[in-house]
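Reminder, nothing fancy here: chain letters follow the sequence lines and each chain counts from 1.
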Amino acid sequence: MVLSEKNWSKESETTIFTEWKTTKRYAFNPHSQKRVYSIDTPPPYVNTPIHIGQATTYVFMDMFARFQRMTGHEILFPLGLDRNGLPIEMAAEKEFKVKLTDTPREEFIALCNKVLEKSSLASVESFLRLGIGFNSWEKNDEIGSVYETDSPEYRSLTQETFIDLWHKGLIYEDYRTNNWCPGCQTTLADAEIDYSELPSFFNDIKFKVKETGEEIIIGTTRPELICTCEMICYNPEDERYKHLEGKNAVTPIFEKVVPIKADPVAQMDKGTGLMMMCSFGDVTDIRFFRDNGLKSTIAINKDGTMNEHAGFLKGLKVKDAQKALIVQLQEKGLLVKQSRIKHRTPICERSKDPIEFIGMKELYLKQLEYREEMLRIAEQSHFYAPESRKILIDWINSIAIDWPISRRRYYATEIPLWYCASCNHPVVPKKGPYYRPWKQKCPIDACPACGGKEFIGEERVFDTWFDSSISPLYILKYSRDDAFFKKNSPCSLRPQGKEIIRTWLYYTLLKDYLLTEKCIFKDVWINYHIVDENGKKMSKSAGNGIDPQDVLNRFGAEPFRLWAALEGNLERTDFRCSMERIEGAGKTISKLWNVAKFISMFPKSTAASEKSVEAHLTDLDKWILNGVNQLVIKATEQYARYDFHNPVVDIRHFIWEEFASQYIELVKNRAYNQNNEFTKEQQDAAIYTLNHVLDVLLNIMAPVLPLITYRIYHELHGKDIHFEQFATPGTHYTVNLTIDDLSALNSFIWKAKKDAGKSLKEEVTLLVIPELFKPIQHDIISAHNIKKLEFGQEKRIEL
RNA sequence: GGGCUCGUGGUUUAGUGGUUAUGACGUCUCCCUUACACGGAGAAGGUCGCCAGUUCGAAUCUGGCCGGGCCCACCA
């Protein structure tokens, strides 16, 4: 049957992905006997359309899924949608011009729900149009269906994991200095902090030595924190200050007496070499204060203003307090010098506000004491690329505090805790339901500690990563279908960006290890980024973003998918996204269609089977069959390692340069056999070879180009190529011909005709070629219209 | 400051010790030859970031430097 359409176009794609969706083609079959291959997809946020980077990585995941299906696996490939957390809350604040801190909780959650309702399903539609074969496009209870991270089902599992960890004694509450974002009004984990070079002032300030009255100069960027200064340090090697050992200093303005000590924490070449130790600090300051038995003073309130410890600065915002103090110092002649510097400042990864360090009670999940285990777990997953593992290992080694998991926000999973009203004893409910303690009565009747009947519900919620880190457990039905979880754990693949290794990957490995004592992922595929044509990060502000919908509208999915495979190795480098290059990939799609259309004129059914045909295969046929075998071998090996780039580059080259330009050109006349120049057997051999090579090409390209290969294969064979077995290499023949021999010969003849100003179909009076070509002389004579052919050392042509 | 990574014709990419460096996109010339003008034939274009070393021989190994990216860090 000849292919029905003249051209393949992007419009051809629509009927195919629509059919897949309506017939639930890729639904997960829980009764399948096949081994399950599961992909823990990264849920995109629903309130913004998907980014070109997500489009690309999901295309890769789809290639992985389709390849694994063809190698005999049942595929678990669900779509998750992230609806928890700050992005939703920030969208609500922006859209309804409210502040979380000024809005009643119930009301604020209602606004978040409005944002979520309005959030278009643009991202889901993009995935559909990209040809992604998710198990399902519907939300329901079936395995592999679409899930939302704010659903009662998901949130209850999050809470359940908390309850388990609580009972294992891994969760505790502590009053500590915390990373606090004044903008988001919440505590942050170290993993949520970015750093930015912000302009600030370096102030050289006079302190006095109590015993001698000597003036010493200390440099600082945070003068407003002098009120919390508990110690002055200098480096033990620093000759300039050795005489200060054992003495005390008097802080300016606040007149507090603090000890002076030698400590390697102070670097000689930094500032004046003297350093004031204040309890504003980060993790290391906490450690320093603890090691030196110092009492830390918190001088900054949650709202970013100074408190009573700051004396006359009380009530001022940090920035204003800083200015006010500087004015005071200047008036008293205590400010020696002020210089403008760029200071690396910790900022909130989401709101970009500078982080303050303030004290409050938070819940922590123990992780410090599991660092060795986590390093071991990190070795148990296979990383693609292997180098990416180091990012995880470095992070594990750098962890300095336990994971603060509580947040003071609203649209997130509630922490399932109540506190006894009379003795404050914390009460954890039973696993199972979805709890909302801030608006719900405690399900426990009496306090186990004091028998009290009144409880106060916990108001805090979980860090988003506490939710996100259970995604593989959720999709594998952890605690919902134990037999299924046991059989299909670990999850086959975690695909994700390298920038969230320290968050999503680490927290998932940690939490799932603490819960199950196992490594949850067999493979981890880490991807780099899609950047703009100039290698710059795409961003809204720079206006250099590329919308996947634009790409789909202009070219359709297949050129984009082929581009993704051809562009490079996303495990190792960023891709520069260029419309021109995506368009270029479209040429190969057309070429494949045209090759298929040509071959479809010679249906295999009229030719004999491989066995009967084998005796009549010419060296030319054997050469191309060998070529396609090589592709099968390489694709089988490399696809399994998540490398589509190298095989697909070879396949494209093969299609254009070997199959279309050399083989088809030479064999065309034999396939037509219009003047019966060839025997029926010789013709059948050509038709068999053409069809076989096409079938194999379609098969090995099916994961990459699911739509066009599906269409061609369905028209030719009436079957779904995606449920066929992945190709296996056929017979290897011994042939002396190489691609170079053939293209050199063809070029030689074509060029001779061209140089003589003659048409390519013009006849050749005499052609002398090496003996090597003797086995395929018949095809050569016919293809080039040769009147007389001779064999000799030197190639020669007469027209 | 440390770590990782990258630096190959206009753009992009492969190659990780061996004769004239791979392919793609783009460019130029000619050609509508019955699968394809999203095509065909031909051509131009690279001192493989810089410097030194190892070697008979380096884009490929070693060291240093320069530049880009990412990550980390107790620069107060």
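The nearest whole Å value for the distance from the CD1 atom in A/I651 to the P atom in B/U13 is 20 Å. For the pair A/L666 CG and B/U33 P, the computed distance is 20 Å after rounding to whole Å. With rounding to whole Å, A/W395 atom CH2 is found 11 Å from B/A73 atom C1'. Rounded to whole Å, atom P of B/C38 lies 20 Å from atom CG of A/L566. Atom CZ of A/F602 is separated from atom P of B/U34 by 14 Å (rounded to the nearest Å). We find that CG of A/L562 is positioned 19 Å from P of B/U12, with the value rounded to whole Å. One atom, NZ of A/K498, and another, C1' of B/C4, lie 7 Å apart when rounded to the nearest Å. When the P atom of B/C71 is taken as reference, atom CD1 of A/I500 falls 12 Å away, rounded to whole Å.
A distance of about 8 Å separates the C1' atoms of B/U13 and B/A24, rounded to the whole Å. The separation of B/U12 from B/A52, taken at their P atoms, amounts to 27 Å, rounded to a whole angstrom. Taking atom P on both B/C71 and B/U29, the two are 47 Å apart, rounded to the nearest angstrom. Spacing of C1' atoms, B/G45 relative to B/G10, comes out at 9 Å, to the nearest Å. On the C1' atoms, B/G39 is 44 Å away from B/C50, given to the nearest whole Å. Taking the P atom of each, B/A73 and B/C65 are spaced 24 Å apart, rounded to whole Å. Between B/C31 and B/U47, the two P atoms lie 33 Å apart (nearest whole Å). Taking atom C1' on both B/G15 and B/G46, the two are 15 Å apart, rounded to the nearest angstrom.
Between the side chain of A/K591 and the base of B/C36, at least one donor-acceptor pair of N or O atoms lies under 3.5 Å.
Using a 4.0 Å heavy-atom criterion, one finds that A/W563 contacts no nucleic acid atom at all. Residue A/H645 is in sugar-phosphate contact alone, with no base atom involved, counting any heavy-atom pair closer than 4.0 Å across all strands shown. Across all strands, A/K668 comes closer than 4.0 Å to base atoms (heavy-atom distances). Residue A/E665 is classed as a base contact, given a heavy-atom separation below 4.0 Å to a base. Among the atoms of the strands shown, base atoms are found under 4.0 Å from some heavy atom of A/I664. At the heavy-atom level, A/A660 lies under 4.0 Å from base atoms of the strands shown. Base contact: A/V595 has a heavy atom under 4.0 Å from a base atom.
Between the side chains of A/R494 and A/T508, a donor-acceptor pair is found at a separation under 3.5 Å. A donor-acceptor contact closer than 3.5 angstrom links the side chains of A/Q638 and A/D643. Side-chain contact, A/S578 with A/E580: no donor N or O sits under 3.5 Å from an acceptor N or O. Checking A/D695 against A/Y713 by side-chain atom types alone, no donor-acceptor pair falls below 3.5 Å.
Comparing atom distances between the A/H653 side chain and each of B/A41, B/G3, B/G23 picks out B/G23 as nearest. Side chain of A/R581, nearest nucleotide from B/U12, B/C25, B/C74: B/U12. If you check B/C25, B/G42, B/C36 against the side chain of A/N594, the one that comes closest is B/C36. In this structure, the nucleotide among B/G40, B/C72, B/G15 sitting nearest to the side chain of A/W656 is B/G40. Ranking B/C25, B/C72, B/G15 by closeness to the A/E580 side chain, first place goes to B/C25. The nucleotide whose nearest atom lies closest to any side-chain atom of A/R652 is, among B/A41, B/C71, B/A24, B/A24. The A/S661 side chain lies nearest to B/G40 when the options are B/C71, B/U12, B/G40. In this structure, of B/A24, B/C25, B/C71, it is B/C71 that holds the atom nearest to the side chain of A/I391. Of all nucleotides listed (B/C38, B/C71, B/G15), B/C38 comes nearest to the side chain of A/S590.
Base-pair partner of B/G57: not found among the strands shown (Watson-Crick or G-U wobble, both distances under 3.5 Å). Within the shown strands, B/G40 is the pairing partner of B/C30 under the Watson-Crick or G-U definition, both distances less than 3.5 Å.
Nearest heavy-atom pair across A/Q683 and A/A671 is NE2-O, 2.9 Å.
Aromatic ring centroids of A/Y506 and A/W465 lie 6.0 Å or more apart.
Neither OP1 nor OP2 of B/C4 sits under 4.0 Å from any side-chain N or O of A/S388. In terms of phosphate contacts, A/K587 brings a side-chain nitrogen or oxygen within less than 4.0 Å of OP1 or OP2 of B/G26.
Taking A/F60 as the reference, A/W525 meet the ring-ring contact (aromatic ring centres under 6.0 Å, His included) condition, with sequence neighbours excluded. A/E571 meets the salt bridge (charged side-chain N to carboxylate O under 4.0 Å, His left out) test with no other residue; sequence neighbours excluded.
Ranked by how close their nearest RNA chain B nucleotide is to the 5' end, A/E657 and A/A596 are led by A/E657. Residues A/W8 and A/Y528 each lie close to RNA chain B; by heavy-atom proximity, the contact nearer the 5' end of the strand is made by A/Y528.
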